[in-house]
Amino acid sequence: MNNLNYGVIGNCRSAALVSENGSIDWCCLPDFDSPSVFAKILDDEKGGSFSIDVDDSYTINQKYFYRTNVLCTQFRSGQDSFEVIDFMPRYKTIDNDYFAPAEIYRYIRPLSGKPTFKVRYNPLLNYARDEVAHVIQESYIRTYSKVNPNDCIYLYSGLTLNDILEGKEIELKDTQFLLLSYNQKLIDIDINRVYLEYQRTKVYWLNLSNRTKKYQKYTEEIIRSVLVLKLMTFQSSGAILAALTTSIPESIGEVRNWDYRFCWLRDASMSVDTLLKMGHYKSAQGFLGYIKRILQSKHDSFQIMYGIRGERALNEADLPHFSGYSKSKPVRIGNAAYSQRQNDVFGYLLNVILQYYVFFPGTLDEIEEMWETVRNIARTVSSQWGKPDKGIWEIRNGERHFVFSKVMSWVAMDRATKIAELLNKKYYAEVWQGIANDIKEDVLNNGWKEELQTFTQTYCNSDLDASLLLMAEYGFIDAGDIKYKKTVIAVKNALFYNGLMYRYINADDFGKPTSSFTICTFWLIQALYKIGSTEEAQIIFDNLLACANHVGLLSEDIDFATKRLLGNFPQAYSHLALINTARLFSEEKYISKFIKP
């Protein structure tokens, strides 16, 4: 079965997808959202890749080094074997900053015998729109665009450079390396330097894992997900990406193909909330700094999503020369959803900001600055909550009164009230609490369908929606409330199929959804657990974990029949939900607060 059997390497600046056979099939340099250098994942012939090719006698296995984002691919044929260790450097420097250059190391180590391989180096710049040329200069290969010669990358290696370009068979006699860099290196690159970068990077990720809370069960799955979420954080701004790819289809042959290399306030807020629970406070601080920077003045309006540097315009365009993943077109860059109104986003954001005040409020000027952000959000929600919107699923045509958007508007005003109470701002607390009460009354009157004995997707339809499962999670309704219990059962009966969940089954802009949205199955598990169906929840959870790929990564969607991973990859949504769900089924391993590991 074709699947997203990729490992991911990255350094909080950019990332690369490495196939289970050791081919780099997706990478954008210098940053996550830059034009691609390798895009074979979107077009086998035109996309470009960077592979280590062996003959058919070799078996290939891939794994992460223990609790790191350093990937190892082993090649074995009889007595002959070697391994390729892939990583992007990241570690702290003496001045407590981070070294995270736009470069990929491929550290090649012989294990036994006389292994042979060929290097297939085929970078195609600017989403493969530009013809490229290679020039051997000094100790590197310079690859540049013939359209814009300043757009170039550099490949350093201990191997003979002509052998690389000509794809000649190479016998591996000693440890070697390939270093792909966006910038020309100013220091000599040799195997000793490569080894140093490898060890420094491995230690960085091991330290991060060591600071992560541990549990009696599912610790490795939790740590892998934390490593993924951290890798997808853009260091220079604090933004957290929704996914690392663009246009991996939700269903093969359909057109639900979107660019997810941006920061959705919803997804990022949920990721930060999860990282806080796991003890990673600096990531939360970085994201809140990002929020403050994207609001340059009190008059700035909120968008649902931004570029990773805070860009507001994320204009969408097609790349028609790409055939698409498994021939699924179109391939898109940019995302037109940035201009949508989605009223639910503010609830997640204020839920995180409340934790800012509880955990690390900062200096007086920082507290006051964040208070202005809270007031700005509260004003926005107060004026918008009663209006229809596009909803959590970003319906492109038409706006509706989505029940979950109203619920999260209540969450926004509830958390704003709690923040005002913490700051002793009684007037704001009273006003905002009144608005929260109005929203709740409106939802209970219009969202609950007495004849169906369930809450529904919108005020005006009788369809079910997986987002309704979160009503208790955010405190809108008690998990023991009979209306919530009946809603959970109704949603499960309508949307649970073959072990997985639909988001909804009513038609949208592109017809009826045909794949499972991964996070929705996690939501069902959490909801079943809350209403007391713990054994059923456990079974569904274990079956869902089995859908992860060979290195424990999850995408946005899963095919109901084949359990093939679909959608953009890896997906922050899926991994934050994995962490939150796993914590339900296991107790934390506590250590004394006086012990600093």
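Worth knowing before you read on, the calculation uses all heavy atoms, side chains too, and leaves out hydrogens, waters and symmetry mates. For this chain, numbers begin at 1 and follow the sequence in order.
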Original post:
For Asp465, what residues pass the salt bridge (Lys or Arg N to Asp or Glu O under 4.0 Å) criterion, not counting sequence neighbours?
Top reply: none
**OP:** Sequence neighbours left out, what passes salt bridge (Lys or Arg N to Asp or Glu O under 4.0 Å) with Lys492? Give chain and number order.
**Re:** Glu536
Original post:
Is it true that Lys390 and Asp508 make a salt bridge, defined as a side-chain N closer than 4.0 Å to a carboxylate O?
Top reply: no
Subject >> Distance-only side-chain donor-acceptor flag, Ser145 / Asp130, under 3.5 Å >> reply: yes
**OP:** With the side chain counted from C-beta on, respond yes when Met88 and Asn69 share a heavy-atom pair under 4.5 Å apart, and no when they do not.
**Re:** no
Original post:
Between Lys277 and Asp273, does at least one N-O distance fall below 4.0 Å, as a salt bridge requires?
Top reply: yes
Subject >> Result of checking Phe496, Phe560, Phe517 against Tyr502 for ring-ring contact (aromatic ring centres under 6.0 Å, His included) >> reply: Phe560
**OP:** Can you spot which of His550, Gln74, Glu83, Glu20 makes a side chain to side chain donor-acceptor pair (under 3.5 Å) with Gln62?
**Re:** His550
Original post:
Can you list every pair that meets salt bridge (charged side-chain N to carboxylate O under 4.0 Å, His left out) and has a residue in residues 60-74, with sequence neighbours left out?
Top reply: Arg67-Glu220
Original post:
Taking 4.0 angstrom as the limit, do Asp344 and Lys406 come out as a salt bridge?
Top reply: no
Original post:
Considering the options Ile9, Val8, Ile24, which one meets the side-chain contact (heavy atoms from CB on, under 4.5 Å) requirement together with Leu17?
Top reply: Val8
Original post:
Is it the case that Gln526 and Thr581 place a side-chain donor and acceptor less than 3.5 Å from each other?
Top reply: yes
Original post:
Quick one: do the Arg261 and Ser34 side chains pair a donor with an acceptor below 3.5 Å?
Top reply: no
Original post:
Just checking, any donor-acceptor pair under 3.5 angstrom between side chains of Asp25 and Tyr6?
Top reply: yes
Original post:
Does the side chain of Arg90 pick up a donor-acceptor pair with the side chain of Gln235 at under 3.5 Å?
Top reply: yes
Subject >> Pairing of Glu169 and Lys118 as salt bridge, 4.0 angstrom limit >> reply: no
**OP:** Could you tell me whether the side chains of Tyr218 and Asp542 share a donor-acceptor contact shorter than 3.5 Å?
**Re:** yes
Subject >> Residue list, salt bridge (Lys or Arg N to Asp or Glu O under 4.0 Å) with Asp267, at least two apart or on another chain >> reply: none
**OP:** Just do the side chain to side chain contact (heavy atoms under 4.5 Å, CB included) check on Asp31 and Phe234 with the steps written out, would you?
**Re:** CA-CA 9 Å; Asp31 299 326; Phe234 189 52; 4.1 Å; yes
**OP:** Answer yes when Asp318 and Lys329 have at least one side-chain N-carboxylate O distance shorter than 4.0 Å, and no when they do not.
**Re:** no
Subject >> With sequence neighbours excluded, residues passing salt bridge (Lys or Arg N to Asp or Glu O under 4.0 Å) with Arg341 >> reply: Glu399
Subject >> Side-chain H-bond candidate by donor/acceptor type, Thr456 with Lys449, under 3.5 Å >> reply: yes
Original post:
Who pairs with Val345 by side chain to side chain contact (heavy atoms under 4.5 Å, CB included), at least two apart in sequence or on another chain?
Top reply: Arg266, Ile304, Gln342
